Amino acid sequence: MNNYRRSPRGEKNHFLLIGKQGDPCCELVADYARSNGYGAALLPESDLFPQLGFSWLLPSEGAITWHDTRLGFGEIAGVLNRGYAVPVTAEEYQTSEGRYLTAEWTALTAAWLDRMPCPVINRLKPELWYRPRLNVADLAALAPSLREFLPPTFVTTERDEIRRLRAEHAGDVLYSPLTGGAEYWTRSVADLAIMETLCGALITLKERARLQCFVTADCVVYLGPDGTLARPPSSDLTLHCVAVGKALRILFYKLSLVAGPRGRWYCMELDRLPSLYSCSPAAQQQIAINLGRIMCDGGR
Amino acid sequence: MIVVCGIRADAMIELMCARLEDLGYEYVFFDQAQVPDRYGVSWSLGPDGVEGRFLTPAGIVDLQDLTGVYIRNAGYRGQVGEPVRDDPAKSGKALFEAAYQQAVGQLVDLLPCTVVNRALASASSDSKVYQASVAAAFGFGTPRTLVSTEPDAVREFYAACSGRVIYKSLSSVRSIVHRLEPRDLGEWLERVRNCPAQFQEQITGVDVRVHTVGGEVFAIEALSDADDYRYARREGSLVRMRETAVPREIGDACVAMSRHLGLEVAGIDLRRTDDGYCFFEVNPSPGFLFYERATGQPISRAVANLLRAPRHAGPPAPRAAPA
């Protein structure tokens, strides 16, 4: 397998970024890489085939070719995977060939990134392959030790139960469809009709405040509703936020946090492919630096 | 109490209901195709875990009373996995049905009792290459394997394997084995640039299917001249099956790997060679009816007993793969 070469100096000297053109997260991390003496190659997920050259002789030998650059796996210092494992356009996905290619790319990236001997953000357990976002029930199943960090949640297919719960909590019920990441307050009769039609998680919590935080290994960046940097509410909350990643064995994610009665904070959702669009420039920069540092530090 | 969750048209659901009936074990059938009209769930999640019930025409089952759930996840309304984007009515219906499927699936993932098998534990079957690396960590041999989009690398691999190479998908989609023939190495192979594929050195030996049920092991030999015995009929070949035994360390490795993957019941495809046992894949939702009928092995009885055993508080504890 002569094609699978290491760099002439045998160095890990490139960041590999899988995602899409124009993603601020990929761009800022690529800037970080270059300013620290690394190369950075972006693989735009929707435009990979037939341009991508990829060969992997299991367990660990291989190389990747993109345009004129060929990188042995041993030359890759770190991987930032911002892709959804869907290497086709929405139109192509409508075809059986498009869906087949998606299944194959998913299978490839899941196995290959798991075996890469460098930092991978995020290296995913199979339970997370199809779950870019985790709702309360997902988090409870995947990280049982964190249940105290999750709000009380009710799921029912029964109309009477929905009405009873809503009456009991005087309309203070947050509705989140089980199939998506949205949330709605259910205060009108029309809201009730939606809840009865589309089964969802009903969260009974008197909300006091909201925050989001971007966690990069042990570093937590809190943002207020306007996307600017916010002060950490407490060191306990920071520990809880970091513990989520340790339980799921991922390095980068965003948590949506809600403060309930007595100032106690709960996690409403985890997004392991968070967008930086809504973050202020200072916040974006801080998050990118945290990501770049992990990729430079090495080790699994 | 045991809940059997699926649709009646599924032969495995029919088998498990019949087996539980036969053994006199208390169970309820939960028809996923009739949620929410005739069947339903209500559950809540708090710091102490999950509470709630299954609602069926036969009665209400409190989650506290459950010892086991047997569930087969299927695209039971013919919609799941199909594109629905161009038809708003169809997409709305698909969303509605997906939400109900989630309400049941998420509950089952949260239950502390035995579940055969949790959806969360089933994803690994979508990457055969991932499974192979897990199997290698448990001591199984795996065939020399190349994953590639580069025709020249495939030709080089073909030569290195002396022309004894098969190819197959990386995922569970179209997962049928074919032999790579010399005539394939020309223009036809250029197609690999459009989609990665998995190429493996062809291993000679006898196919062995091992079913693990908790800590029990059932092994079967499949004898066929087809490239893939599971699809022997398509190739005009026959398959003969008979009960066999695997060495203790292989059985233990199968059980340990199933536990590592979070699977209470698994179907593991191996090939016995002169050098030992070579791993191919793990099926998290094995159709053991096929094997039970052919050999008389009491697999469904073992599954029924597993479902009836006292609760063990959550999914099988994942074991670290050996270094």
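We use all heavy atoms of the structure for the numbers below, so side chains are in, but hydrogens, waters and symmetry mates are not. Numbers restart at 1 for each chain; the letters A, B, ... are given by sequence-line order, proteins then strands. Since the structure is predicted, the reported quantities are computational estimates derived from the model, not experimental observations.
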Contact winner vs chain A - [options], heavy-atom pairs under 4.5 Å:
{"options": "B:S172, B:A132, B:S169", "result": "B:S169"}
{"options": "B:S44, B:A197, B:S171", "result": "B:S171"}
{"options": "B:A98, B:P196, B:S133", "result": "B:P196"}
{"options": "B:T142, B:T145, B:D48", "result": "B:T145"}

May I ask you to name which of [options] has the most heavy-atom pairs under 4.5 Å with chain B?
{"options": "A:Q51, A:E148, A:R131, A:K125", "value": "A:R131"}
{"options": "A:F49, A:Y100, A:F154", "value": "A:Y100"}
{"options": "A:A137, A:P152, A:P87", "value": "A:A137"}
{"options": "A:R159, A:E104, A:E158", "value": "A:E104"}

Is chain B contacted by the side chain of [X], its backbone, both, or neither, given a heavy-atom distance below 4.5 Å?
{"X": "A:T153", "answer": "both"}
{"X": "A:Y130", "answer": "side chain"}
{"X": "A:S96", "answer": "both"}
{"X": "A:D138", "answer": "both"}

### Query
Quick one: does B:Q200's side chain get under 4.5 Å of B:Y167's, heavy atoms only?
no

Output yes when [X] and [Y] qualify as a salt bridge under the 4.0 Å nitrogen-oxygen rule, no when they do not.
{"X": "A:R272", "Y": "A:E127", "result": "no"}
{"X": "B:E201", "Y": "B:R164", "result": "no"}
{"X": "B:R155", "Y": "B:E190", "result": "yes"}

### Short side-chain donor-acceptor distance under 3.5 Å, A:E45 and A:W105
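Distance-only check passes for A:W105 and A:E45.
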
### Query
Are side-chain N/O atoms of B:K128 and B:Q198 paired as donor and acceptor at under 3.5 Å?
no

### Task
Could you pull out all residues at least two apart from A:R163 that satisfy salt bridge (Lys or Arg N to Asp or Glu O under 4.0 Å)?
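With sequence neighbours excluded, A:R163 shows a salt bridge (Lys or Arg N to Asp or Glu O under 4.0 Å) to A:E196, given in chain and number order.
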
### Query
What residues form a salt bridge (Lys or Arg N to Asp or Glu O under 4.0 Å) with B:R53, not counting sequence neighbours?
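B:R53 satisfies salt bridge (Lys or Arg N to Asp or Glu O under 4.0 Å) with A:E161 once adjacent residues are dropped.
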
### Query
Which word best sums up how the rings of B:F29 and B:Y39 line up, parallel for under 30°, tilted for 30 to 60°, or perpendicular for over 60°?
perpendicular

#### Entry: Under 4.5 Å from any heavy atom of chain A - which part of B:L55
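Just its side chain gets close to chain A.
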
